[in-house]
Asks: 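The structure under discussion is supplied below as structure tokens; questions concerning it will follow.
By convention in this document, chain letters (A, B, ...) are assigned in the order of the sequence lines, proteins followed by strands, and residues within each chain are numbered from 1.
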Amino acid sequence: MTNLDKALLWATPLIAMLVVANQFYRVQTYDLSTWQGGGFGMFSSVDTIDSRFFKVYLHVDHETIPIQLKGAFNKQVTISRAEPTEENLKKLAQQIYQANWIHSGTFTLDPQSQDNYRPVLVFIHKAHIKNTEQPVNIEGIVLELWKTRFDSKTNTIETYKYTEYAYPNNLS
Amino acid sequence: MPIQTTSPEAISLKAFLHRLTTMRPLDIIPLLILFILLFYGYSTWFAKMATMFLAITALLYRELLRDPRYWLVFACISGFSILDHWHQIDNHKFLLSYVTIMLFCAFSASPANQLKIIAGNARLLIILLMGMSVFWKLYSSDPYLDGSFFEYTFIVDERFNVFLGVFGIDMKQLASNHIAIFNLKQAYLGQDLSSIQVYSPPLLKTLAWLTGWWVVIIELIIAVFFMFRTPLMDKLGHWSLLFFIVTTYVPAPVYGFGWTLSVLGYAVSQTYWKDYGRWYLLCILLLIIYEIPWRIYIPGF
């Protein structure tokens, strides 16, 4: 084998090893899900992207309103669930903060106080806002990343809060 | 390359299998990888378009399949697709990307070493894949070997419903599990809920325990057998890998992964056990049969 052929023989395994090393580092340092990042950690842990989920709350007019993230937020939501670094969470929070949220016109019961109803807010693209609709003024956002664990003895799936991110940072 | 013509009466299952199993490795490996890219490749729009265009081009100019530039284009497409969706892309898409780089490297080498590079790289990729898979199962903070990982997976992952249905697990109860889990994640919008009880009968727990141990043992022995690079160990490695492919992709419908493993196994077989190559090709045909929507024949679906 020539030196070039030897180099060509080792090029692919070397690239694969570098990807695996990068994945291992990010799992250890940034809590990347072991399933992701090309480290061949599939079917190794219940801590998958799908078992991590967000609870997102908007602070509007001194009221805390939970919202649901869909569509335009999917990509950043997935990134932040896979690797919940402060930078990724901040990007998601900024995206939510800069988006237009309007009152859907419906209300739901507040689980914290059963006598109260709270408005349901929905995301709307700037191009679809009608003249009569006014986006709400967002004072702040709280992102909570929750994880799931399974207890085989009691057949129970439990959720627990893994981390929280407030935006802007001085949000009380 | 002249186009081979076949008279209609010469087309039979026997003739088909004969032609399939007597193709030269350097012809069939890139062709199969092209099929994987076409059928199970990357979902980005540019990757889909480019793959279709490149596949049609290779149909007209078969010699392109041995051109390193052709595979460099695929390596770039797969690389960009991975970078674009790095956080969500599956492991077999990474593996497929390495295979395109492998073909670029192999066809850039002198003709005498091309198959050696493919066979050597395929071996290392199988060892890395199986080795890391076992490592993460044992290193993960979750209890894996007590069966609770696969128990949870069987409960939440609908892809295993057909497999569980075969063993008589109640499909309606499994469907209720999926709804309850969905509601658990959405609960904060309207109610206060942090845990749910799910349906998990003793049979499901047993299947989960057996599956967990089965997967970790078979992956470990494949990695170890292929590591030694001797005829005997390779023979054991091939039988283990063939058994893994035939059994794993019945419950786990990740057929692109199965195809890629079959091609890698085929490539490794060129070192000591060329005759085993045909079994890997038959595995690919079997994986096509696995794609029949069996769930419509399972009671309860």
Side-chain angles (χ1 to χ4, degrees), chain A residues 1-2 4-5 7-9 11-13 15-17 19-20 23 27 32-51 53 55 57 66-68 75 78-83 88 108-109 111-112 120 144 146 148-152 154-160, chain B residues 82 86-92 94-95 98-99 101-102 105-106 108-110 113 116-117 120-121 124-125 128-133 135-137 139-142 144 146-153 155-156 180-181 184-186 188-192 194-200 205 215 252:
Chain A
M1 253 192 197
T2 62
L4 175 65
D5 285 4
L8 290 166
L9 173 67
T12 308
I15 292 168
M17 291 290 289
V19 172
V20 164
Q23 189 256 9
V27 168
L32 174 72
S33 168
T34 53
W35 286 61
Q36 306 308 129
F40 300 120
M42 57 277 176
F43 293 103
S44 62
S45 162
V46 300
D47 191 19
T48 66
I49 286 186
D50 286 338
S51 72
F53 63 100
K55 296 184 180 183
Y57 301 91
I67 55 161
Q68 201 174 9
K75 187 169 181 181
T78 306
I79 291 170
S80 307
R81 285 193 326 210
E83 195 175 29
N88 286 335
T108 185
L109 258 179
Q112 306 300 326
V120 174
E144 292 177 3
W146 287 62
T148 307
R149 63 178 157 229
F150 176 62
D151 185 344
S152 177
T154 57
N155 290 347
T156 305
I157 294 178
E158 279 181 335
T159 59
Y160 62 97
Chain B
I82 287 174
W86 188 84
H87 286 91
Q88 63 195 91
I89 210 147
D90 290 334
N91 285 291
H92 62 276
F94 281 89
L95 185 64
Y98 303 145
V99 173
I101 299 168
M102 173 185 88
C105 292
S108 300
S110 53
N113 291 325
K116 273 185 204 161
I117 290 176
N121 279 192
L124 291 173
L125 287 176
L128 184 69
L129 157 71
M130 296 296 175
M132 286 310 294
S133 185
F135 168 78
W136 280 121
K137 284 176 178 66
Y139 184 76
S140 162
S141 55
D142 298 347
Y144 177 88
D146 70 358
S148 59
F149 165 73
F150 265 105
E151 187 181 349
Y152 175 81
T153 303
I155 290 167
V156 302
I181 292 160
L184 177 65
K185 292 177 187 174
Q186 300 292 323
Y188 77 103
L189 295 166
Q191 54 182 307
D192 209 4
S194 62
S195 68
I196 50 164
Q197 282 244 312
V198 286
Y199 163 74
S200 181
K205 289 180 193 292
V215 171

Asks: Chain B: which of A/Ala11, A/Ser45, A/Gly39, A/Ala82 shares the most heavy-atom pairs with it under 4.5 Å?
Replies: A/Ser45
Asks: With chain A, which of B/Ala180, B/Gly131, B/Ser194 has the greatest number of heavy-atom pairs at distances under 4.5 Å?
Replies: B/Ser194
Asks: With a 4.5 angstrom heavy-atom cut-off, is it the side chain or the backbone of A/Ile49 that approaches chain B, or both, or neither?
Replies: side chain
Asks: Please report the shortest heavy-atom distance between A/Phe43 and B/Lys137, naming the atom on each side.
Replies: O-CE, 3.3 Å
Asks: Tell me, for B/Ser200 versus chain A, whether the close heavy atoms (under 4.5 Å) come from the side chain, the backbone, both or neither.
Replies: both
Asks: Ignoring hydrogens, what is the shortest heavy-atom contact between B/Ile89 and A/Gln36? Give both atom names and the distance.
Replies: O-NE2, 3.5 Å
Asks: For the CZ atom of A/Arg149 and the OG atom of B/Ser195, what is their distance to the nearest 0.5 Å?
Replies: 10.0 Å
Asks: Testing the basics here: between A/Met42 and B/Ser133, what is the closest heavy-atom pair and its distance to 0.1 Å?
Replies: CE-OG, 4.0 Å
Asks: With A/Ile157, which residues qualify under side-chain contact (heavy atoms from CB on, under 4.5 Å), at least two apart?
Replies: A/Thr148, A/Phe150, B/Tyr152, B/Ile155, B/Val156, B/Ile181, B/Leu184, B/Ile196, B/Val198
Asks: For B/Asn113 and A/Met1, which heavy atoms make the closest approach, and how far apart are they?
Replies: ND2-CG, 3.4 Å
Asks: Report the relative orientation of the aromatic rings in B/Tyr98 and A/Phe40; use parallel for angles under 30°, tilted for 30 to 60°, perpendicular for over 60°.
Replies: perpendicular
Asks: With a 4.5 angstrom heavy-atom cut-off, which part of A/Asp151 approaches chain B: side chain, backbone, both or neither?
Replies: neither
Asks: Does a donor on one side chain and an acceptor on the other come within less than 3.5 Å for A/Thr78 and B/Gln88?
Replies: no
Asks: Which heavy atom of B/Cys105 sits nearest a heavy atom of A/Thr12, and at what distance?
Replies: SG-OG1, 3.9 Å
Asks: Please list all pairs meeting salt bridge (charged side-chain N to carboxylate O under 4.0 Å, His left out) that have one or both residues in residues 36-45 of chain A, counting only residues at least two apart or in different chains.
Replies: none
Asks: What residue in B/Asp146, B/Ile101, B/Asn121 has the most heavy-atom pairs under 4.5 Å with chain A?
Replies: B/Asn121
Asks: Name the region of B/Leu124, side chain, backbone, both or neither, that has any atom closer than 4.5 Å to a heavy atom of chain A.
Replies: side chain
